[in-house]
Asker: 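I'd like to ask you about the structure that follows.
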Amino acid sequence: MVERRTPDGKTAYLEAGHGRPLILLHGFPMDKAMWTPQVDALSTAARVLVPDLPGFGGSCGFDGRPSMDGMADRVAEFLDALQIREKVIVGGLSMGGYVTLAFARRHPGRLVALILADTRAGADDEAGKTSREKMIALTREAGPRAVIEQMLPNLVGPDVRTERPGVVDEIRDIASAQEPAAVIAALEAMRDRPDSTPHLGAIAVPTLIVVGEQDAITPPSRSEEMARAIPAAELVVLPATGHASNLERPEAFNAAVLAFLYRVA
Ligand code: MLT
């Protein structure tokens, strides 16, 4: 695995392997480092590319108003910057899944398959939007560390929290290092994101949906809804796993993704 920057200087990313490009998009308020257990492991089946979304990790922030569509367009720009013309697999976890769904709506011709991990298609309801406002205020007052402390009880499933508390520390470390401006921009983009549900039926590529059985943020019921609505979807539920499924159970997560990649890549 190597760390690189696109020739236009905008995007920092991790890369490993050759062949069909697999783009992995991180959750909130994380960066590309959250995919570390996947990059080399999945590189036996694809060219794994893991960018930092705008403002996170080493990537430049938004030029204009933050939005999921803007993040999806930056993924398309990332592919252009690397001169990738062939069809790709895009996968995202949670917020990365929201971006993946926006990418599928805006750039369907660039896709050969999708991976949606611990995510949902629906928009925020009024309570969700209010909670984003509170998080924005908390970020301004106390920074990303305070935001992740508030999220952590729901981010990692109860089994892994007990068995491997190091996973909690890992998430805390990555999230605490993010810039407040990036965290606020992502909260605004998530608050304002449109409902992707009406577009699910138009997804014409094979789609793997993975979810932790104990996911308290985007519960399995949300994944089941997406699996019913997307024509060529398959659903894998990981036992004794919470929202941060790729970090909590990397072996089971990678096994599900590799089986899918060998079929579609
Ligand atoms: C994430 O893990 O990306 C977030 O929990 C998503 C969200 O807050 O909606």
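One-based numbering, in listed order, for ligands and for the atoms of each.
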Asker: Taking non-hydrogen atoms only, is H243 closer than 4.0 angstrom to ligand 1 via side chain, backbone, both or neither?
Answerer: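 The answer is the side chain of H243.
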
Asker: Identify, by atom number and element, the atoms of ligand 1 in contact range of G27, meaning under 4.0 Å from any of its heavy atoms.
Answerer: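 With G27 as reference, the close atoms of ligand 1 come out as 3 (O).
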
Asker: Would you say the side-chain atoms of T207 pair up with the backbone N or O of A233, donor to acceptor, closer than 3.5 Å?
Answerer: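 Side chain of T207 to backbone of A233, a donor-acceptor pair under 3.5 Å: no, none is there.
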
Asker: Do the side chain of R74 and the main chain of G61 share a donor and acceptor less than 3.5 angstrom apart?
Answerer: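 Between the backbone of G61 and the side chain of R74 there is a qualifying donor-acceptor contact (under 3.5 Å).
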
Asker: Does atom NZ of K87 have more than 12 heavy-atom neighbours from other groups under 6.0 Å away?
Answerer: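 No, NZ of K87 has 12 or fewer neighbouring heavy atoms, counting only those of other groups under 6.0 Å.
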
Asker: Return the closest protein heavy atom for atom 3 (O) of ligand 1 as residue, atom name and distance.
Answerer: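 Going atom by atom, the protein heavy atom closest to atom 3 (O) of ligand 1 ends up being F28 N, 2.7 Å.
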
Asker: Starting from atom 9 (O) of ligand 1, which protein heavy atom do you reach first, and at what distance in Å?
Answerer: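 For atom 9 (O) of ligand 1, the nearest protein heavy atom is Y98 OH, 2.5 Å.
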
Asker: Whether the side chain of T6 engages the backbone of T11 through a donor-acceptor N/O pair (distance < 3.5 Å, no angle test) should be reported.
Answerer: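 Flag set: sc T6 to bb T11 pair under 3.5 Å.
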
Asker: For atom 8 (O) of ligand 1, what's the nearest protein heavy atom and its distance?
Answerer: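 It is R132 NH1, 2.8 Å.
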
Asker: If every non-hydrogen atom of L101 is compared with every non-hydrogen atom of A121, which pair is closest and at what distance?
Answerer: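 Result for this residue pair: CD1-CA, 3.9 Å.
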
Asker: At less than 4.0 angstrom from any non-hydrogen atom of M95, what atoms of ligand 1 do you find?
Answerer: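 Those qualifying, in numeric order: 1 (C), 3 (O).
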
Asker: What are the two closest heavy atoms between L247 and P37, and how far apart are they?
Answerer: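 Looks like CD2-CG, 3.9 Å.
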
Asker: I need the nearest protein heavy-atom contact for atom 1 (C) of ligand 1: residue, atom name and distance, please.
Answerer: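 The protein heavy atom lying closest is S94 OG, 2.8 Å.
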
Asker: Quick one: does R120 get a heavy atom under 4.0 Å from ligand 1?
Answerer: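 Yes, R120 has heavy atoms under 4.0 Å from ligand 1.
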
Asker: If you count the atoms of ligand 1 from 1 in the order shown, which ones are under 4.0 Å from a heavy atom of M151?
Answerer: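 Near M151, the atoms of ligand 1 are 5 (O).
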
Asker: Is any N or O atom of M190, backbone or side chain, closer than 3.5 Å to an N or O atom of ligand 1?
Answerer: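 It does not: no N or O of M190 is found under 3.5 Å from an N or O of ligand 1.
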
Asker: Considering non-hydrogen atoms only, spot the tightest contact between L238 and S245 and give its length.
Answerer: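 Closest approach of L238 to S245: CD1-CB, 4.1 Å.
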
